[in-house]
Each structure stands twice: as C-alpha cells, then as structure tokens.
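First up is the structure itself, then whatever we jot down about it.
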Amino acid sequence: LGVEAEVAIGALLGLALVKLTQALSARFEVLRRLDEDFAALFAHHHPLHLTGIALMSSFVEEVLFRGWLLPQAGLLWSSLLFGAAHVPLERHHWPWPLAATLMGLMLGGLTLATGSITLAFVVHFTLNHFNLQALRESAARVTP
C-alpha cells in the first residue's frame with residue numbers, strides 16, 4: 001500500500017472504531033461509566049489540546065509498541081504489554097486495558113500486514129482524536 005492508501009484506510013477504520021466504541025458505550029453500563037469518568041478528565045480541555053494529546057499519544061505508542069516492541073516480542077506480547085500500559089487506577093475501569101489489548105492485536109496485525117506503522121498510527125490517532133472530542137462534548141453537556 002502507498003502512504004495515501006494507508007492514511008485513507010486508517011481514517012476509515014478509525015472512524016468505524018469510533019462508531020463501534022460509541023455503540024458499545026450506549027449499550028453497556030460499565031462502558032458508560034468509564035466514559036463518564038474519562039469525560040470528567042477532559043471536560044475543560046481546549047479541543048486543540050485534545051488533538052495534541054491524541055497526536056502525541058498515538059505517535060509515541062505506535063513507535064514504541066508497533067515500531068519497536070512488535071518486532072522484538074511478537075504480536076501477542078506487544079499487545080499484552082500495550083494493554084498493561086493502559087491499566088487504570090480504578091478497578092471498575094477494567095474494560096480499558098482489555099480494549100487496549102484487543103486494539104494492540106489489531107494495530108499489530110495491520111503493522112505486520114503492511115510492514116509499516118503508518119496505517120496503525122492513523123487508526124490510533126483517529127480513534128483517540130474523535131473519542132477525546134466526544135468525551136469533552138459529553139462532559140460539557142453535563143457540567144456548565
């Protein structure tokens with residue numbers, strides 16, 4: 001794949017994952033609670049700040065987990081370590097590292113399939129960007 005195709009496919013996959021996470025959050029109370037807790041963290045951040053967070057976290061995590069660790073440790077271990085890096089302090093946030101592990105498997109698979117971290121980065125950034133913006137917007141509706 002060329003870079004343009006990786007960016008386009010990554011954006012589409014990322015947007016599909018945004019829709020999936022929103023649908024799952026609407027259906028399951030434990031995910032709704034996780035969203036509410038995370039929304040409180042981002043309620044007062046400027047949208048550009050959240051874009052920067054999405055950009056930097058996606059870049060650093062893809063370089064570390066898919067660019068460096070995946071070739072060293074393999075798909076399963078790099079994905080498990082990605083999930084472990086997302087273990088929260090609150091016990092009731094257990095879905096987050098589970099989702100991160102599944103994302104690690106998917107992003108690692110995309111990296112192995114393409115031989116590049118570009119597609120994985122675009123998926124990761126798109127998911128983080130739109131979910132952070134949605135969390136901020138939902139918090140703004142609740143808190144004046």
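With sequence neighbours excluded, the residues that form a side-chain contact (heavy atoms from CB on, under 4.5 Å) with Asp35 are Ser25, Leu135.
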With a 3.5 Å cut-off and sequence neighbours excluded, list the donor-acceptor pairs that the side chains of residues 74-85 form with protein atoms.
from  : atom 1 : to     : atom 2 : distance (Å)
Ser78 : OG     : Gly74  : O      : 2.8
Ser78 : OG     : Leu75  : O      : 3.2
Ser79 : OG     : Leu75  : O      : 2.7
Ser79 : OG     : Gly104 : O      : 3.2
Ser79 : OG     : Leu105 : N      : 3.1

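In this model, a donor atom of one side chain and an acceptor atom of the other lie less than 3.5 Å apart for Glu6 and Ser116.
In this structure, the separation between CZ on Arg32 and OG on Ser138 is 12.5 Å, given to the nearest 0.5 Å. Remark: Leu112 CG to Leu70 CG distance equals 4.5 Å, nearest 0.5 Å. The NE2 atom of His93 sits 14.5 Å away from atom CG of Leu98, with the distance rounded to the nearest 0.5 Å. From Leu15, atom CG reaches atom CZ of Phe130 across 5.5 Å, with rounding to the nearest 0.5 Å. Atoms NE2 and NE2, from His44 and His49 in turn, are 14.0 Å apart once rounded to the nearest 0.5 Å.
Hydrophobic clustering (side-chain heavy atoms under 4.5 Å, transitive across Ile, Leu, Val, Met, Phe, Trp, Tyr) keeps Met106 apart from Phe125. A chain of hydrophobic side-chain contacts below 4.5 Å, direct or via other Ile, Leu, Val, Met, Phe, Trp or Tyr residues, connects Leu41 to Trp96. Follow the hydrophobic side-chain contacts under 4.5 Å out from Leu102 and you never reach Leu119; the two are in separate clusters. Residues Leu17 and Phe65 fall within the same hydrophobic cluster, defined by Ile, Leu, Val, Met, Phe, Trp and Tyr side chains chained together at heavy-atom separations under 4.5 Å. In the hydrophobic cluster analysis, where Ile, Leu, Val, Met, Phe, Trp and Tyr join through side-chain heavy atoms closer than 4.5 angstrom, Ile117 is grouped apart from Leu1.
Salt bridge Arg33/Glu36: absent, no basic N to carboxylate O contact under 4.0 Å.
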Side chain to side chain contact (heavy atoms under 4.5 Å, CB included) assessment of Leu13 paired with Leu110: CA-CA 11 Å; Leu13 282 172; Leu110 291 172; 4.1 Å; yes
Stepwise side chain to side chain contact (heavy atoms under 4.5 Å, CB included) check, Glu61 with His86: CA-CA 11 Å; Glu61 289 179 350; His86 290 81; 3.4 Å; yes
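Looking at every heavy atom in both residues, Ala120 comes nearest to Thr111 through CB-OG1, 3.5 Å.
In this structure, Gln133 contributes its side chain and Leu50 its backbone to no donor-acceptor pair below 3.5 Å. Between the side chain of Arg66 and the main chain of Leu107, no donor-acceptor pair closer than 3.5 Å is present. No donor-acceptor distance shorter than 3.5 angstrom exists from the side chain of Ser58 to the backbone of Leu55, with no hydrogens or angles considered.
A tilted orientation is assigned to the rings of Phe42 and His45, their planes being inclined by 30° to 60°.
Residue Thr126 is tested with Val122, Val123, Asn128 for a side-chain contact (heavy atoms from CB on, under 4.5 Å); the sole match is Val122.
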